[in-house]
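Chain letters run A, B, ... following the sequence lines, proteins first, then strands; residues in each count from 1.
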Amino acid sequence: MKFRHFALGAAAAVLAGATTLPVQAQDTIYVPLLTYRTGPFANSGIPIADGMHDYLRMLNERDGGIGGAKIVIEECETGYDTKKGIECYESTKGKNPVVYNPYSTGITLQMIPKASADKIPVLSMAYGLSASANGNTFPWIFNPPATYWDGASAFVRHVAEQSGGFDKLKGKKLGLIHLDAPFGKEPIALLEALSKKYGFELKLYPVAASDMQNQGSVWLNIRRDRPDWIYNQGWGAMNPTAVKEAAKNNFPMDRLVGVWWAGGDDDARGGGDAAKGYKSLNFHAAGTNFPVIQDIQKHVVDKGLSKAPKDKVGENLYNRGVYNSMLIAEAVRNAQKITGKKAITAEDMRKGLESLNITDARLKEIGMDGFAAPLKLTCEDHNGHNKIYVAQWDGTKWVKGSEWMEPLTADVMPLLNAAAEDYAKANNWPARTEACQKGS
Amino acid sequence: MFYREAGQFKTTYPSDMAVFPIAQDRIGLGLILAAAFILIPLFASDFILSSVMIPFLVFSLAAIGLNILTGYTGLISLGTGAFMGVGAYACYKLMTIFPGVNIIIWIISAGFFSALVGIIFGIPSLRIKGFYLAVATLAAQFFLQWCFVRIPWLYNYNASGAIEVGTRTLFGIPIVGPNATPEARYYVMLCIVVALTWIASNIVHGKIGRSWMAVRDMDIAAELMGIKLLDTKLLAFAVSSFYAGVAGACMMFLWYGGGEASDAFNINQSFLILFMVIIGGLGSLIGSFFGAAFISILPTVLKFGLPAIGIPLSGATAEHLIHILVGALIIFFLIVEPHGLARLWQIGKQKLRMWPFPY
C-alpha cells in the first residue's frame with residue numbers, strides 16, 4: 001500500500017515533469033488517452049492519437065486549460081490489444097480520470113461493465129457497443145455522435161438519394177464487405193431489417209482478419225454478384241486493400257462507401273489515382289481550413305509540441321481525434337458550469353456529458369464553424385444519432401460528397417432498444433440509479 | 001551454508017522419493033505460498049493484483065498445460081490458444097444455461113469440454129510427429145477460432161460477438177463480474193492454480209507421468225515396454241487441454257471479465273504460451289511458472305515500473321523499447337541456458353549447496 005502511494009507519486013511527478021506542468025497542486029483535470037501508436041493498426045491509430053493530444057494541448061497552451069483548470073494528458077499505449085487496454089485502465093483509474101476513450105471496440109466492451117461499476121464515464125466516440133446509446137441502461141457510457149447502425153442506415157439513405165428515392169431501392173443489390181469480427185458484423189442486423197422494409201437484396205462479403213490484405217476471392221464473388229452498391233465496414237489494412245481491389249475489378253468507385261473508420265487518408269491513397277471517387281461516411285470535416293486547426297498549428301505544432309508531422313495535421317483521422325477531444329473539452333466545460341467547480345470529478349463529468357448541447361453558435365465560438373454538426377445528448381439518448389455526410393476522395397484529399405443527412409433513426413431505435421434490453425437481461429445489469437441531469 | 005541437506009536422513013521410501021526431499025525446499029515452498037496467500041493480497045495494489053498477478057497465474061496454468069504435452073510427452077502443439085478458447089466458451093455456455101450453479105464449478109468443468117476437443121485433435125498424434133504434428137494442431141487453432149466467430153450459438157447470438165460476464169458470487173462475495181474486487185478474483189485464481197499444480201505434480205511424478213516421459217524419450221522403446229501409445233498420447237492431450245481450458249475460462253471470467261473472446265484466443269496466444277514453456281523449461285512445472293512470469297509480468301513491469309522509479313518513458317517509445325528489451329532478454333537467457341530458466345534455477349540450487357566453499 002505504501003508502494004502504491006510511492007508509485008503514484010513518482011508517476012505523477014514524472015508525468016508532470018514530462019509534460020512541463022507545474023507540480024504545485026493547482027486545479028487539474030486528468031484525462032488519460034488510451035492510444036495505439038504501435039501494433040497492426042498503428043497507421044490509423046497515430047493520426048487519431050495526435051489529433052486528440054494536440055487539441056487538448058492547444059487548450060492548455062492557448063487558454064491555460066479548460067475554465068482555469070489545466071488538463072493533465074497522459075497517453076497509455078494499448079497497441080489495439082484488449083489485454084494492454086485493461087492494463088491501461090487499471091493503472092490510470094486511481095488517478096481520478098474524468099473520462100476514458102478506449103479507442104477499440106474490444107477494449108470498450110471490456111470497459112463497459114468495469115467503468116460502470118467504478119463510476120467513470122466512457123466516451124466511445126462512434127464505436128463500441130451500439131446499444132450503449134441507451135442512457136437509461138448505460139448511464140456511464142456515451143457513444144456520440146452516431147452508432148454503426150446509424151452509419152449503415154445513412155448509407156442506405158445515400159443510396160436512395162442517389163437513385164432517386166427510397167422506392168427505387170426495390171430490387172437493388174447492396175453488398176456489405178466487412179471484417180469478419182464483431183466490429184464488422186455489427187451493421188448486418190440493421191441492413192437485414194432495412195432490406196426487408198425497402199425490398200433491396202443484401203449480399204454479405206466477410207473478410208477474415210487474417211485475409212485483410214488478401215481479398216482476391218472476395219472480390220471474385222463481388223464480380224459474380226454485381227451488387228449496385230457496396231458498404232465497407234473495415235478497419236486497418238483491410239481498407240486500402242478493398243479500395244485497390246475495387247479499382248482492379250472496375251467497381252465504380254463512387255458506389256463504394258466506407259464506414260467512417262474506413263475514411264483514412266492513407267486508406268484512399270493506397271488505391272492511387274483509381275481511388276478517386278471513393279466515399280466514406282463522416283461526421284466532421286477534413287482539412288486545415290478551420291480556426292481550430294489553425295490554432296493547433298500555431299500553438300502546438302509550430303512550437304514542436306506535437307508528435308504529428310506538419311503535413312498530416314488536418315487529415316481526416318487527425319481531425320477525428322480533434323473532434324473527439326472537443327467533445328471531452330466541451331463536456332468538461334459543461335460539467336464545470338453545472339457544478340461550479342474547476343477540478344471536476346468523474347461523477348461531474350457524467351453530468352456534463354449527459355447534458356451536453358453543442359449548438360451551431362458554440363461551434364462557431366470554438367472555431368469549428370462548418371467542421372461538425374451540432375450535437376445534443378440527453379439522459380435517455382447518449383448518442384444523439386447525429387447528422388452524417390458522405391465524404392469523397394478527390395485524389396489528394398477528402399471533400400464533401402453529400403449534404404449533411406439524418407440517419408434513419410426510426411429504424412435504428414427499435415433494434416437499439418432491444419439490444420440494450422438483451423444486454424441488461426444477459427448481464428443482470430443493475431437498473432439506473434443516477435439522477436437525470438437536465439440539459440441547460 | 002543454509003541450503004545443505006547434511007543431517008537429513010531418509011528412513012522410509014516415501015520420504016526418499018518425495019517431490020521435495022530437502023527440508024529447505026519444503027520451507028521455501030511454504031514461504032512462497034504464505035507470501036502468495038497473505039503478503040501479496042495485503043500489500044499489493046489493485047493494479048498489481050489485477051494486471052500482474054492474475055495474468056501471471058492464468059498464463060502459469062496454461063503453460064503447465066502445454067508443458068504436460070510438449071515438455072513431458074514431447075508432442076508439439078500450436079493449438080493451446082484455441083483450447084483455452086474452448087474452455088472460455090464452454091464456461092460461458094454452461095453459466096448461461098445453468099445460471100444457478102456456482103461459477104467455480106463451471107470454470108473447472110469447462111476444462112473437460114476442452115479435454116474432449118483436445119482428444120479429437122490429438123488423434124493424429126499417433127501417426128505424425130514433430131513439426132508435422134505442430135501443423136495438425138495449427139489446424140485445430142484455425143478451425144476452432146473460426147468456430148468462435150462463425151457459430152453465434154457459442155456467444156448466445158450477441159450482436160458484438162462478445163462474452164458478457166455478469167456478477168457471480170461465492171459465499172455472497174462477488175468473484176466474477178465488474179463488482180468483484182481484485183482480491184477476491186486473485187484468491188479464487190490462486191486456489192485454482194495451487195490445486196491444479198498439486199494435481200499436475202502428482203500426475204507427472206506418478207505412473208502416468210513416467211509413461212509420458214517414456215513416450216517422449218523414445219516411443220518405440222516405450223511401446224515395447226508395454227505402454228499403449230495411443231492411450232498415453234491421448235491422455236496427455238486430454239490433461240493438457242483440460243489445463244488450457246481451465247486457464248481460458250479463468251482468463252475470460254477472472255481476468256478479462258468478458259469481452260471480445262474470439263480475438264483473445266488467436267494464434268499469437270498459442271505462440272506466447274509455447275514461448276513460455278520453452279523459455280521456462282520443457283518438462284518442468286516450476287519452469288512453467290518462470291516462463292509465465294518472464295513473458296507476462298516483465299513487459300507490464302517495464303511499462304509501468306520504469307516510470308514509477310523515475311525513468312520517464314511513455315507511449316510508443318516505451319512500447320518499442322520493451323519489445324527490444326524483452327527480445328534481448330529472451331536471447332540472453334536462451335544463450336546462457338538453452339534448457340530454460342528451470343535449468344538455471346537447478347544450477348543455482350546446486351551451486352548454493354556448495355556455497356561458500358565450492359570444491
Side-chain angles (χ1 to χ4, degrees), chain A residues 1-4 6-8 10-11 13-15 17-18 35-39 42 46 49 74-77 79 82-84 86-87 90-91 93-94 105-107 109-110 112-118 128-131 180-183 185-186 189 208-210 307 419 422-423 426-429, chain B residues 42-52 55 96 99 142 145-146 149-150 152 155-168 177-180 182 255-260 262-264 266-267 299-300 303-305 307-320 323:
Chain A
M1 262 171 261
K2 313 301 151 225
F3 171 74
R4 182 184 344 188
F6 167 73
L8 278 183
V14 168
L15 183 81
T35 56
Y36 50 103
R37 295 168 181 275
T38 63
I46 291 171
E74 186 183 9
E75 277 194 41
C76 189
E77 175 68 32
T82 309
K83 191 176 85 189
K84 288 187 192 152
I86 326 173
E87 266 177 24
E90 297 284 349
S91 72
K93 80 172 184 196
T105 297
I107 302 174
L109 292 177
Q110 293 274 316
I112 286 172
K114 283 188 211 280
S116 301
D118 295 335
L129 189 71
S130 291
D180 203 1
F183 151 72
K185 291 195 287 190
E186 191 101 8
S210 48
K307 284 183 188 158
D422 283 350
Y423 187 97
N427 289 284
N428 305 323
W429 199 247
Chain B
L42 210 57
F43 292 108
S45 66
D46 283 359
F47 172 70
I48 302 257
L49 280 183
S50 56
S51 291
V52 176
T96 46
F142 286 129
Q145 217 190 328
W146 180 88
V149 177
R150 283 305 178 85
Y155 44 84
N156 288 348
Y157 303 95
N158 182 293
S160 336
I163 286 182
E164 284 164 355
V165 178
T167 301
R168 293 286 187 277
N179 295 315
W255 172 17
Y256 275 36
E260 221 175 306
S262 63
D263 197 49
N266 58 14
I267 179 83
T300 312
K303 183 173 173 188
F304 297 99
I309 56 168
I311 301 168
L313 268 183
S314 65
T317 331
E319 201 68 23
H320 293 306
H323 271 290

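Interface remark: B/Val165 contributes backbone atoms only to the contact with chain A (heavy atom separation under 4.5 Å). Using a 4.5 Å cut-off between heavy atoms, B/Trp255 contacts chain A through both its backbone and its side chain. For A/Lys83, the parts lying near chain B are the backbone and the side chain together; criterion is any non-hydrogen pair under 4.5 Å. Proximity to chain A (any heavy atom under 4.5 Å) is restricted, for B/Tyr155, to the side chain, taken from C-beta onward. At a 4.5 Å heavy-atom cutoff, the contact between A/Asp180 and chain B is made by backbone and side-chain atoms alike. Contact of A/Thr35 with chain B is not made at all, since no heavy-atom distance falls under 4.5 Å.
Partners of A/Ala117 under the side chain to side chain contact (heavy atoms under 4.5 Å, CB included) rule, at least two apart in sequence or in another chain, are B/Pro178, B/Asn179. With sequence neighbours excluded, the residues forming a side chain to side chain contact (heavy atoms under 4.5 Å, CB included) with A/Gln110 are A/Thr82, A/Ile86, A/Lys114, B/Tyr256, listed by chain and number.
The structure places NE2 of B/His320 at 7.0 Å from CD of A/Glu77, a figure rounded to the nearest 0.5 Å. Here the straight-line distance linking atom OG of A/Ser91 with atom CG of B/Asp46 works out to 12.0 Å at 0.5 Å rounding.
For the residue pair A/Glu90 / B/Ser51, no side-chain donor-acceptor distance below 3.5 Å is found, with atom types taken as modelled.
Counting all heavy atoms, side chain and backbone alike, A/Glu87 lies closest to B/Thr300 at OE2-OG1, 3.0 Å.
Annotation: maximal heavy-atom pairing with chain A below 4.5 Å, among B/Ser50, B/Ala264, B/Gly257, occurs at B/Ser50.
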